[in-house]
2 protein chains.
Amino acid sequence: MTQKKIGRPRAFDKNEALTAAMKVFWIKGYDGASMKDLTSAMKINSPSLYSVFGDKHALYLASIDNYTKNNPASPLVIFESEPNIEKAIRAFMKAALDSATKNEFGTLGCFLSSSVATTAGVVDGVQEKLKTAILEADARLVKRFEFEKQNGVLASDFPSEERARLMFDLRQGYTFRARAGLKSDSMENDLSFRVKMVLGE
Amino acid sequence: MTQKKIGRPRAFDKNEALTAAMKVFWIKGYDGASMKDLTSAMKINSPSLYSVFGDKHALYLASIDNYTKNNPASPLVIFESEPNIEKAIRAFMKAALDSATKNEFGTLGCFLSSSVATTAGVVDGVQEKLKTAILEADARLVKRFEFEKQNGVLASDFPSEERARLMFDLRQGYTFRARAGLKSDSMENDLSFRVKMVLGE
DNA sequence: TAGGTTTTGTAACAAATGACACAAAAAAAG
DNA sequence: CTTTTTTTGTGTCATTTGTTACAAAACCTA
C-alpha cells in the first residue's frame, strides 16, 4: 500500500509534526506562535514546513482539522463508545474535564474554544471550521439521544437537541475554567448533578 | 474636584482610548493586535500610548480590568439589578447572549473567554486576572441566591454554588457559539428551559 | 511676558517576523 | 555508474514588530 517514492525520503513524520504544531498553536495562539516556535517544536526547518504544509496559515487550518477529526481521546468519541447512556454522558463530561485540566505541555482548556476561537473573525477559514465543528458535535450528541429514544431508554418526548447543546455548552464552562488555571475540585463535584440535568432528572 | 493641571492638556479621553484598545484586543487578540492597530483605533500616537499606559502589555492588562470592572451592561450587573430572581436569571442569560452576538465592531463572544483566554499561559498576569474574574462572578451569583434563600424565595436547600457555576458555564457555551458566528435562533430557544434548569424546576 | 511643565507628532531604532533561494544530500530508476 | 527526483539545512530577504529620542506645541504660574 505504501508505495516507495523516488527522491530523498522525508526525515520526519507528517502527523507527528502536525500534532506538535497544533500544541504550539494551542498554547500560544495563532499570532503568538512564531515560525521559530513551530519549527523547533516540529523538529524541522522552515523550508520543510513550507514544502509540506504550505505556509503558516495552511498549517493552522490543518492543525484544526487534525484536532477535530483525528482525536480518538475526544470526549465525543468516548461518549459514543460507552453503551450506557448515563455513563456515556458522565464519561463525556469527565473526559472534557480531564483533557482540559491535564496541562502536560501547557495545553490547558480546549484547542478550539480556548485558542482557535480568538482568530475566528480575523484568520480566513477559521470561523467556518468552528461552525461546522460545533454543529457536528451537536448532531452527534443528538444522534445518540435519538437512538436511545428509539430503544425506549429515553422518553419519547426527550428534547434531544436542547440537551445536546446543553452538554456541549457545559463543556465550554469547564474549558474556560481550566484555561484560567482553576483547580478541578469544584468541577469534579458538579459532574454528578450535571449528568442528571442532561437526562432531565 | 477636577483640579487644573499645569502643562499641555491631554487631547484624548483616557477611558475612551482604553475602551477602543479593548475592542482591538477583543477582535484580534493580544498578539494579533499590532501597535498600529491600537494607536489608530485609539486615535493617538504611540508616544502618547506609552506615556499614559506604559506599554502594550500594561495596556492589555488595563483593558482586562476595564472590561471586568467598568461595564454597566455586563450580564452580571443586569442580573443584580433585577429584583425578581427568575427574571434576573433570564436577564443574565439574555444579556450574555445579546452581547455575544451583537457584532457591532467585530466583538463577537466575550472578551475574556473568546480572546483573553488564549493568552492565559503565555502573557504575564493574565491567568491570575481570569481566575479572579471567574471566582468573583461565581461569588456574586451565589450571593444573590443566598439572599433569595434568606427571603424564602428559594428553598433552604437550594445549591447556590452549583447553580452559580452552572449559570456561568452556560454563558460560555453561548459565547463560543457566538464567536463561531452561529445564529442566535437555537440559543434564544434554549433560554427558557435553561432558566428553569438553574432554578431546579 | 517669561519660565516651567506636560503632551503632541515626526521620525527613527534594533529586533523579530514570515517566507524563500539555493546548493548539498539521499534515495530510486535506467 | 549516471541521471532524475525529492528533501534537507544554511543563509538571507523585505516587512513588520514594539519601543523610544527629540523638538515643537499647548497649557499654567508668576
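Worth saying up front: this structure is predicted, and the values here are computed from it rather than measured. Basis for what follows: all heavy atoms, side chains included, without hydrogens, waters or symmetry-related copies. Chain A is the first sequence line, chain B the second, and so forth, proteins listed ahead of strands; every chain is numbered from 1.
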Summary of protein contacts for nucleotides 21-30 of chain C, nucleotide by nucleotide, where a base hit scores B, a sugar-phosphate-only hit scores S (4.0 Å, heavy atoms): B---BBBSS-

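- As rounded to whole Å, 19 Å separates atom P of C:dA15 from atom CE of B:M35.
- Taking atom NZ on B:K36 and atom P on C:dA16, their separation rounds to 20 Å, with Å as the unit.
- Residue B:S46 is classed as a base contact, given a heavy-atom separation below 4.0 Å to a base.
- Surrounding CG of A:N151 are more than 12 heavy atoms belonging to other residues, nucleotides or ligands, all under 6.0 Å away.
- A cation-pi arrangement is found for A:K56 relative to A:Y30, the charged atom lying closer than 6.0 Å to the ring centre and inside a 45° cone about the ring normal.
- One interatomic measurement links the two molecules: CZ of A:F12 to C1' of D:dG9, which rounds to 13 Å at whole-angstrom precision.
- Between the CE atom of B:M42 and the P atom of C:dT8 there is a distance of 11 Å, given to the nearest Å.
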Residues A:F111, A:F25; criterion ring-ring contact (aromatic ring centres under 6.0 Å, His included); working and verdict: CA-CA 8 Å; A:F111 180 43; A:F25 283 132; 7.2 Å; no

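- Judged by distance alone, the side chains of A:N189 and A:S186 never bring a donor and an acceptor atom under 3.5 Å apart.
- One finds no side-chain N or O of A:S48 lying less than 4.0 angstrom from the OP1 or OP2 phosphate oxygen of D:dT7.
- Remark: aromatic rings of B:F105 and B:W26 are distant, center separation not under 6.0 Å.
- Using a 4.0 Å cut-off, no side-chain N or O of B:Y50 falls inside it from OP1 or OP2 of D:dT20.
- A pairwise comparison of heavy atoms in B:A96 and B:S99 identifies O-OG, 3.3 Å as the closest pair.
- We find that CG of B:N45 is positioned 14 Å from C1' of D:dT19, with the value rounded to whole Å.
- Residues of residues 52-67 of chain B having a heavy atom closer than 4.0 Å to DNA chain C: none are found.
- One atom, NZ of A:K28, and another, C1' of C:dT17, lie 13 Å apart when rounded to the nearest Å.
- Distance A:K43 NZ to D:dG9 P: 13 Å, rounded to the nearest Å.
- No side-chain donor-acceptor contact under 3.5 Å links A:T101 and A:Y174.
- Geometric assessment of A:R140 against the ring of A:F79 yields a negative cation-pi assignment under the 6.0 Å and 45° thresholds.
- Straight-line distance from the OH atom of B:Y30 to the C1' atom of D:dT17: 12 Å, rounded to whole Å.
- Side chain of A:S34, nearest nucleotide from C:dT8, D:dT17, C:dT17: C:dT17.
- Annotation for A:L182 and A:M187: closest pair O-CE, 4.0 Å, computed over non-hydrogen atoms.
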